[in-house]
Amino acid sequence: MSKLAVHKGIPYEEKRLRQWLEEDGKVVLQIKRDEIRCVVEIHEIWDDAQENITARAVTYTSASGKPLYNLGCFDQNWLDFSARTGRRKIDCGVAINDSFDLTRRTVMAKTKQYDLSGNTVNTIAGEKKKDPPHYVGPLRAMFWLYDVIDHYGTYEDRRRAMAQYALDFPSFMACPETFVIDNCGGNINAAVQVVEELFQQALDYEHEGLMIKRFYHSWEPRRTTNWMKMKPEAEVDVEIVGFIPGKGEFNGLVGSLTGRAEDGSTVDFSGFTLELRRAISADFESYLGRWCEVRYMQRDAQGGYRHPRFFRFHPDK
């Protein structure tokens with residue numbers, strides 16, 4: 001990959017989380033969406049003859065510094081933002097209809113035009129000419145703010161500024177859901193548990209995971225150890241061999257399924273839609289023996305699977 005234009009993190013390590021909690025006393029957690037990273041920059045064009053700024057232009061570039069497309073409909077929004085705040089360079093993520101697929105197909109489409117303002121109906125063609133359209137409907141971009149590159153205050157200052165920007169310009173920018181987690185009075189185990197519970201909640205809402213950020217850090221255009229990405233990093237194929245009855249709101253239904261992997265390890269996993277949970281509960285025998293892809297964060301020291309979650313039924317088994 002070419003030189004990064006954004007601040008990127010490293011994979012999650014519990015050891016590093018504990019270190020941050022001990023050294024800084026707290027960490028910042030943010031919901032991670034499955035979007036495309038983007039640097040928005042407002043350029044001022046200086047005219048030497050007139051000795052003033054004669055024009056302003058907006059560029060949108062990817063994490064690797066390559067151009068992103070079809071975002072020009074937001075140029076005036078960003079120019080208004082810059083005129084009001086004085087900021088000209090933002091590190092963010094862009095998502096179209098909260099769908100990575102639609103985001104990839106539109107902002108990386110060099111030769112096709114789409115209106116991403118949400119005001120018109122767009123048609124995204126199928127893969128082949130004879131295929132039906134892949135998508136028909138409005139396409140709306142949202143810019144998720146991660147950092148302000150030309151703001152030189154502390155990260156806390158920058159985070160507060162971004163929260164205000166999202167309030168002032170809600171039509172096209174937003175802040176990820178953010179949590180400041182302290183070290184629970186030195187009880188690091190309890191603090192780690194809080195982080196893991198929030199991670200599971202993020203998955204329950206079908207987000208990609210969490211970004212864990214060191215409370216005190218500066219923005220850098222590279223991959224650093226100041227941010228960690230906490231998300232399911234692996235998948236395992238398992239055969240359904242049993243289930244555990246549900247409790248509470250799922251009383252009378254299947255609570256979780258038990259799967260057996262090819263290496264003989266077993267895992268209890270959930271994460272189904274209510275519709276699928278009801279279907280499995282009504283006719284479990286027809287699901288017995290089917291193979292699933294289960295996503296998980298990592299294996300523990302005993303070989304178990306951390307945060308296992310149903311992804312889909314395996315198409316080839």
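All values derive from a computational prediction rather than experimental measurement.
Heavy atoms from other residues, nucleotides or ligands lying under 6.0 Å from CD of Glu156 number more than 12. Residue Glu275 qualifies as open at atom CD: its count of foreign heavy atoms under 6.0 Å is 12 or below. The 12-atom threshold is exceeded at CZ of Arg104, counting heavy atoms of other residues, nucleotides or ligands nearer than 6.0 Å. For Arg260, the CZ atom is loosely surrounded, since the number of other residues' heavy atoms within 6.0 Å does not exceed 12. By the 6.0 Å contact criterion, CD on Gln113 is open, its count of non-hydrogen atoms from other residues, nucleotides or ligands being 12 or less.
To the nearest 0.5 Å, the span separating OG on Ser117 from CG on Leu139 amounts to 9.0 Å. We find the CD1-CD distance between Ile212 and Glu13 to be 11.0 Å, quoted to the nearest 0.5 Å. Expressed to the nearest 0.5 Å, how far CG of Leu257 lies from CZ of Phe272 amounts to 3.5 Å. Atom CZ in Arg159 sits 8.0 Å away from atom CE in Met162 (nearest 0.5 Å).
Every residue two or more places apart in sequence or in another chain that forms a side chain to side chain donor-acceptor pair (under 3.5 Å) with His134 is listed here: Asp101, Arg105. In terms of the ring-ring contact (aromatic ring centres under 6.0 Å, His included) criterion, residue partners of Phe74 (sequence neighbours excluded) are, by chain and number, Phe143. Scored by the side-chain contact (heavy atoms from CB on, under 4.5 Å) test, Asn183 finds Leu21, Ile188 as partners (sequence neighbours excluded). Remark: Glu249 engages no residue in a side-chain contact (heavy atoms from CB on, under 4.5 Å) (not counting sequence neighbours). Residues satisfying the side-chain contact (heavy atoms from CB on, under 4.5 Å) test with Ala109, not counting sequence neighbours, are Asn70, Lys112, Tyr114. A search for side-chain contact (heavy atoms from CB on, under 4.5 Å) contacts involving Ser218 returns nothing, not counting sequence neighbours. Evaluation of the ring-ring contact (aromatic ring centres under 6.0 Å, His included) rule for Phe284 yields Phe243 as partners, not counting sequence neighbours. Looking at residues two or more places apart in sequence or on another chain, you find a ring-ring contact (aromatic ring centres under 6.0 Å, His included) between Tyr155 and His217. Phe250 meets the ring-ring contact (aromatic ring centres under 6.0 Å, His included) test with no other residue; sequence neighbours excluded.
For residues 136-146, no pair satisfies salt bridge (charged side-chain N to carboxylate O under 4.0 Å, His left out), with sequence neighbours left out. Legend: ring pair (Phe, Tyr, Trp, His ring centres under 6.0 Å) pairs involving residues 187-208, not counting sequence neighbours, sorted by first then second residue: Phe199-His307.
At a threshold of 4.0 Å, the pair Arg18-Glu22 does not count as salt-bridged, since none of the basic side-chain nitrogens sits closer than that to a carboxylate oxygen. We find that Glu235 and Arg309 are not joined by a salt bridge, their nearest charged nitrogen and carboxylate oxygen being 4.0 Å or further apart.
With hydrogens and angles disregarded, no donor-acceptor distance shorter than 3.5 Å links the side chain of Asn97 to the backbone of Ser99. Under a 3.5 Å cut-off, the side chain of Asp34 and the backbone N or O of Phe100 do not form any donor-acceptor pair. Under the 3.5 Å distance criterion, the side-chain polar atoms of Tyr135 are matched with a main-chain donor or acceptor of Pro138. Of the possible polar contacts, none joining the Ser256 side chain to the Ser270 backbone as a donor-acceptor pair under 3.5 Å is found. Without hydrogens or angle criteria, Arg222 side chain to Leu4 main chain gives no donor-acceptor distance under 3.5 Å. Looking only at distances, no side-chain donor or acceptor of Asn226 sits under 3.5 Å from a matching main-chain atom of Glu220. Side chain of Thr106 to backbone of Thr103: a donor-acceptor contact under 3.5 angstrom is found. A donor-acceptor contact shorter than 3.5 Å links the side chain of Ser62 to the backbone of Lys66. Proximity of a side-chain donor or acceptor of Ser82 to a complementary backbone N or O of Trp78 within less than 3.5 Å is not detected. One N or O on the side chain of Asp91 and one on the backbone of His7 form a donor-acceptor pair closer than 3.5 Å.
Tyr165 is listed as a side-chain neighbour of Thr85, based on a closest heavy-atom distance under 4.5 Å. Here the side chains of Leu79 and Val58 are in contact, with some heavy-atom distance below 4.5 Å. Looking at heavy atoms from C-beta onward, Leu198 lies in side-chain contact with Phe179 at the 4.5 angstrom threshold. Considering only heavy atoms from C-beta on, Lys213 stays 4.5 Å or farther from Val27 through its side chain. Pro221 places none of its side-chain heavy atoms less than 4.5 Å from the side chain of Val6. Side-chain atoms of Ile90 and Val39, non-hydrogen and from C-beta on, never get closer than 4.5 Å to each other. Counting only heavy atoms from C-beta outward, the side chains of Phe310 and Leu276 approach each other to under 4.5 Å.
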Intermediate values then yes/no, side-chain contact (heavy atoms from CB on, under 4.5 Å), His151 and Arg87: CA-CA 7 Å; His151 186 312; Arg87 304 302 175 193; 3.2 Å; yes
Derivation of the salt bridge (charged side-chain N to carboxylate O under 4.0 Å, His left out) call for Glu41 and Arg88: CA-CA 5 Å; Glu41 187 167 6; Arg88 298 194 314 226; over 6 Å; no
From CA spacing to verdict: side-chain contact (heavy atoms from CB on, under 4.5 Å), Met108, Ile36: CA-CA 10 Å; Met108 302 185 78; Ile36 289 177; 4.0 Å; yes
Test side-chain contact (heavy atoms from CB on, under 4.5 Å) applied to Arg278 and Leu274, step by step: CA-CA 6 Å; Arg278 286 172 173 167; Leu274 182 58; 3.5 Å; yes
CA sep, side-chain torsions, deciding dist, call: Glu35, Ile96, side-chain contact (heavy atoms from CB on, under 4.5 Å): CA-CA 8 Å; Glu35 85 286 89; Ile96 313 302; over 6 Å; no
Stepwise salt bridge (charged side-chain N to carboxylate O under 4.0 Å, His left out) test for Glu208 and Lys229: CA-CA 10 Å; Glu208 191 178 20; Lys229 298 177 294 185; over 6 Å; no
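Taking both residues in full, the closest heavy atoms of Asp147 and Arg158 are given as OD1-NE, 2.6 Å, listed atom of the first, atom of the second, then distance.
Cys292 pairs in a side chain to side chain contact (heavy atoms under 4.5 Å, CB included) with only one of the listed residues (Asp237, Val236, Ile240), which is Ile240.
Between the side chains of Asp168 and Gln164, at least one donor N or O lies within less than 3.5 Å of an accepting N or O. Side-chain contact of Glu197 with Gln201: a donor-acceptor pair under 3.5 Å is absent, judged by distance alone.
Taking the ring centroids of Trp219 and Tyr146, they lie at or beyond the 6.0 Å cut-off.
Counting side-chain heavy-atom gaps under 4.5 Å among Ile, Leu, Val, Met, Phe, Trp and Tyr, the cluster of Val121 also holds Val136.
For the pair Arg84 and Phe169, the cation sits on the ring face: its NZ or CZ lies under 6.0 Å from the ring centre, inside 45° of the axis.
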